[in-house]
Amino acid sequence: MEEKRERVNIAELFGENVFGDRVMRERLPKAVYQRVREMMTEGYELEPAIADSVAQAMKEWAVENGATHYTHWFQPLSGVAAEKHDSFLSGVDAEGRALLEFSGKNLVRSEADASSFPSGGLRATFEARGYTVWDCTSPAFLRKEGDCVTLCIPTAFCAYAGEALDQKTPLLRSMQVLNREALRILKLFGIDDAKWVKPSVGAEQEYFLIDREKYLKRKDLIYTGRTLFGSMPAKGQELDDHYFGVLRKRIAAFMRDVDMELWKLGVSAKTEHNEVAPCQHELAPIFEEANLAVDHNQLTMEILQKQAGRHGLECLLHEKPFAGVNGSGKHNNWSVSTDTGLNLLNPGKRPHENQLFLLTLACVLAAVDTHADLLRLSAANVGNDHRLGADEAPPAIISCFLGSQLEDIVAQIIETGRASSSLSGKSLETHVDTLPNLYADVTDRNRTSPFAFTGNKFEFRMVGSGDSIASANIVLNTILAEQFRLAADRLEQASSVKEAAWELIRELLTKHQRIVFNGNGYSEEWVQEAARRGLPNLKSSIDAIPAFTSKKAVELFSAFGIYSETELKSRSIVAYENYAKRINIESRAMINISGKQLIPAAIHYVTRLATSVNQVKSACAAADVSAQEDLLLRASELLSDMKRSREKLQSDTDLAASIQDPAARAAAYHTQIVADMRILRESADALETVIDKDLWPLPSYGDMLFEVSEP
């Protein structure tokens with residue numbers, strides 16, 4: 001009998017597990033509430049008495065909702081959220097009753113072991129002290145796991161000496177400097193009513209869903225998040241029949257539960273659909289301030305994986321879980337807006353006359369061209385190396401798509417210093433009497449562009465599906481702040497801001513027009529053209545990591561106080577170490593799986609074939625056993641190849657692991673181990689196409705991609 005589910009009222013559900021503005025307004029004294037709001041918008045430290053009042057209200061709200069513990073929820077450089085739980089219990093009174101306490105000190109600061117998280121040498125094993133500090137701009141929330149309810153307080157994480165050990169601290173720093181420099185620009189244009197300018201972000205999240213039962217039979221998925229072995233099935237994604245297809249009942253139920261959990265946490269989940277590859281899906285939220293967007297995307301990944309388990313599924317967030325089919329990314333939609341609702345990237349109805357927009361556009365292009373290496377680095381990770389440039393995702397070359405309207409305006413400004421007109425959209429006739437004619441947008445979209453203008457925002461399409469979007473937004477905010485600072489320094493000295501602004505816009509567009517490309521980013525012709533333009537092509541993470549410590553990066557981040565040189569060096573080391581560790585895990589998983597599962601299966605198959613040949617010959621000497629002999633020879637050769645490849649991978653991995661220097665070790669894994677793994681996989685995947693399905697120990701691609709059965 002089908003389970004009857006209660007109706008959902010989104011308006012009532014939304015934010016019910018969040019200690020947000022509505023709850024604070026209801027529970028805090030008016031003066032305290034106003035002070036907290038001022039602190040959040042104007043940015044200053046909260047007085048101890050105010051912090052105590054907030055903590056008391058937060059504790060009462062949490063306890064009323066069943067919470068027994070609280071935790072400082074932070075995002076270290078490990079890539080996943082971290083937390084340490086403390087109960088509200090503070091002691092026992094004379095009559096044996098529990099005393100509950102949660103003070104302002106508990107709210108604002110906590111201590112965490114900073115030596116056990118990636119620090120790139122900032123913290124040694126014996127230097128353990130680190131601090132988590134309340135981020136009041138991201139509201140506390142309740143995590144409910146059955147009867148277990150925990151109050152989660154978003155925090156920054158720093159070392160004992162103050163260095164940032166997380167993603168949130170530099171993100172908040174970047175938002176702060178972008179706000180400061182953007183307000184200078186607005187003031188020059190006579191816009192004095194804006195109190196702040198903040199980046200807005202909407203992160204589209206792609207992911208795969210497979211049966212958990214099959215997942216548990218694949219040690220490669222368990223250990224690494226991707227399949228290290230597997231041949232393509234007869235059908236892949238050629239027919240484009242999964243993209244935007246009708247949601248299957250089981251998937252729709254999963255998505256419904258994900259939405260409900262996210263809505264309760266104040267995450268504005270909006271759009272969901274099937275993606276291009278079989279079993280691939282996407283979830284997109286509504287835009288919000290960058291800091292919230294980063295926190296909410298981290299929660300989204302967590303909820304996707306937890307809800308998948310409750311539906312007998314496994315959510316794969318790796319960028320390339322299946323070779324041969326599309327991988328997954330995250331489209332980081334980014335814009336810059338004021339508290340009064342002005343979007344600096346909104347061209348308006350007459351963009352050729354919108355000088356503020358054109359200056360912002362010119363500054364963005366200059367920023368991306370100047371720091372293309374940093375933007376590429378912000379999306380660099382081991383998984384993304386399998387995806388970027390693979391005819392499914394943006395190439396590793398950074399370029400900007402503007403569309404026909406803005407491209408025309410840019411050309412006019414470069415030629416004459418002004419633009420006199422804007423291309424208009426056109427009417428499309430449907431030639432069906434019952435359908436209305438359509439008004440087409442003024443420009444098309446370009447899914448091959450890594451950084452595309454899409455109407456009133458830029459879409460950075462390179463971020464990996466399992467990554468935090470913090471790094472990308474730290475870079476975007478900082479490089480735009482730099483260009484705004486340069487522009488403001490110049491315009492503030494001008495006798496006529498308007499004339500000087502037109503001159504600057506033309507100068508920036510002329511100098512950085514090489515970054516604009518509206519064509520096919522997947523083509524080999526573009527790779528060659530980009531080289532002629534002098535655009536960097538950082539094909540792998542190993543190629544991108546040196547950008548951390550380049551002179552240009554150190555000067556940029558130090559000037560704005562985003563990262564010190566020491567923090568940049570530490571992040572470089574963390575990146576190298578992370579690359580080497582992940583490839584090492586993949587390598588050793590391949591060695592383990594091939595040795596314990598695949599080679600024994602191949603031996604069993606070869607033995608069975610040999611027995612068959614001998615038995616047939618014994619029964620009938622004239623029988624034709626050439627088919628069995630051909631299979632026996634082919635399987636034996638592949639088995640021998642796999643054994644040799646496995647031994648070489650083992651030897652080379654041991655050698656790479658012994659290298660002490662992080663950069664050299666990562667380079668060895670990149671150049672040698674990845675190549676060894678590819679060779680081992682080739683023989684194993686070829687064997688899979690030969691050996692009986694009942695003998696092959698791993699669920700096949702076909703099993704996983706096309707057999708997400710209904711419950």
Side-chain angles (χ1 to χ4, degrees), residues 204-258 271-283 304-329 383 386-387 390-393 465-466 589-590 593 597-598 601 605 681-682 684-711:
E204 304 169 30
Q205 177 71 56
E206 295 177 339
Y207 59 94
F208 280 81
L209 289 174
I210 63 172
D211 272 318
R212 182 164 175 77
E213 183 179 339
K214 296 184 177 74
Y215 166 84
L216 292 174
K217 295 178 181 178
R218 299 275 322 208
K219 294 296 185 183
D220 48 1
L221 282 175
I222 293 172
Y223 293 147
T224 74
R226 76 180 182 101
T227 52
L228 301 173
F229 301 100
S231 61
M232 281 295 293
K235 178 188 176 184
Q237 60 191 56
E238 307 90 334
L239 298 180
D240 302 318
D241 52 348
H242 190 257
Y243 192 51
F244 279 25
V246 175
L247 296 176
R248 300 182 69 177
K249 178 182 176 183
R250 187 179 183 187
I251 303 303
F254 159 80
M255 288 181 172
R256 177 185 187 273
D257 287 349
V258 167
T271 303
E272 54 203 18
H273 59 82
N274 290 344
E275 255 297 335
V276 172
C279 289
Q280 188 184 32
H281 312 278
E282 181 178 295
L283 184 154
L304 284 170
Q305 292 183 311
K306 286 185 177 180
Q307 285 297 329
R310 291 166 183 154
H311 286 263
L313 300 165
E314 188 67 30
C315 175
L316 305 179
L317 292 174
H318 193 282
E319 287 73 23
K320 194 74 170 180
F322 301 101
V325 300
N326 273 17
S328 297
H386 297 285
R387 169 180 165 263
D391 289 341
E392 59 171 277
S465 55
M590 288 192 84
I593 294 167
Q597 293 182 276
L598 305 189
Y605 176 73
R681 178 169 186 159
E682 286 174 0
D685 289 357
L687 268 170
E688 183 185 1
T689 66
V690 174
I691 294 179
D692 295 0
K693 181 176 176 60
D694 64 316
L695 292 180
W696 195 250
L698 305 178
S700 69
Y701 272 25
D703 296 336
M704 292 183 286
L705 292 172
F706 295 100
E707 296 182 12
V708 181
S709 57
E710 298 294 351

- prompt: Side chains of E275 and N326: closer than 4.5 Å at any heavy-atom pair?
  reply: no
message: Using the side-chain contact (heavy atoms from CB on, under 4.5 Å) criterion, which residues pair with F706? Sequence neighbours excluded.
response: P233, K235, P278
- prompt: What closest approach, in Å, do V276 and Q280 show between heavy atoms, and which atom pair accounts for it?
  reply: N-OE1, 3.6 Å
message: Could you work out, with side-chain hydrogen bond (donor to acceptor under 3.5 Å, both in side chains) as the rule, every residue matching Q597, not counting sequence neighbours?
response: none
field: For D703, all residues meeting side-chain contact (heavy atoms from CB on, under 4.5 Å), sequence neighbours excluded
entry: K214, K693, P699, S700, E707
message: Looking at every non-hydrogen atom in both residues, tell me the closest pair between V246 and N274 and how far apart they are.
response: O-ND2, 3.7 Å
statement: Across all chains, not counting sequence neighbours, the side-chain contact (heavy atoms from CB on, under 4.5 Å) partners of A308 are L209, F254, L313, C315
query: Roughly how far apart are M704 CE and T227 OG1, rounded to 0.5 Å?
result: 6.0 Å
- prompt: Donor-acceptor pair, R248 side chain versus V708 backbone, under 3.5 Å?
  reply: yes
query: Roughly how far, to the nearest 0.5 Å, is CD1 of I593 from OG1 of T224?
result: 7.5 Å
- request: Considering non-hydrogen atoms only, spot the tightest contact between G225 and P321 and give its length.
  value: O-CB, 3.9 Å
- prompt: So, E319 side chain and G329 main chain: donor-acceptor pair closer than 3.5 Å or not?
  reply: no
message: Measuring only between side-chain heavy atoms, which start at C-beta, is I251 closer than 4.5 Å to H311?
response: no
query: Do D211 and K217 sit within salt-bridge range, that is, some charged N less than 4.0 Å from a carboxylate O?
result: no
task: Please work out which of the three classes, parallel, tilted or perpendicular, describes the rings of H318 and H386, given edges at 30° and 60°.
output: tilted
task: Identify, with sequence neighbours excluded, every residue that meets side-chain hydrogen bond (donor to acceptor under 3.5 Å, both in side chains) alongside D220.
output: R218
message: Tell me the closest heavy-atom pair linking S231 and T689, and the distance in Å.
response: OG-CG2, 3.8 Å
- prompt: Shortest non-hydrogen contact from R226 to R681?
  reply: NH1-NH1, 4.1 Å
query: How many angstroms lie between atom CG of L317 and atom CD of Q205, to the nearest 0.5 angstrom?
result: 5.5 Å
message: E272: which residues meet the side-chain contact (heavy atoms from CB on, under 4.5 Å) condition with it, sequence neighbours left out?
response: M255, D259
- request: Kindly compute the distance separating OH (Y243) from CD (E282), expressed to the nearest 0.5 Å.
  value: 7.0 Å
- prompt: Ring centres of H242 and H281 under 6.0 Å apart?
  reply: yes
message: Looking at every heavy atom in both G230 and Y701, which two are closest together, and how far apart are they?
response: CA-CE1, 3.7 Å
- prompt: When rounded to the nearest 0.5 angstrom, what is the spacing between OG in S465 and CG in L316?
  reply: 9.5 Å
field: Qualifying residue, where the test is side-chain contact (heavy atoms from CB on, under 4.5 Å) with L687 and the options are W696, Y605, F229
entry: W696
- prompt: To the nearest 0.5 Å, what is the distance between SG (C279) and CZ (F208)?
  reply: 8.0 Å
message: Take a 6.0 Å sphere around NZ of K306 and say whether it holds more than 12 heavy atoms from other residues, nucleotides or ligands.
response: yes
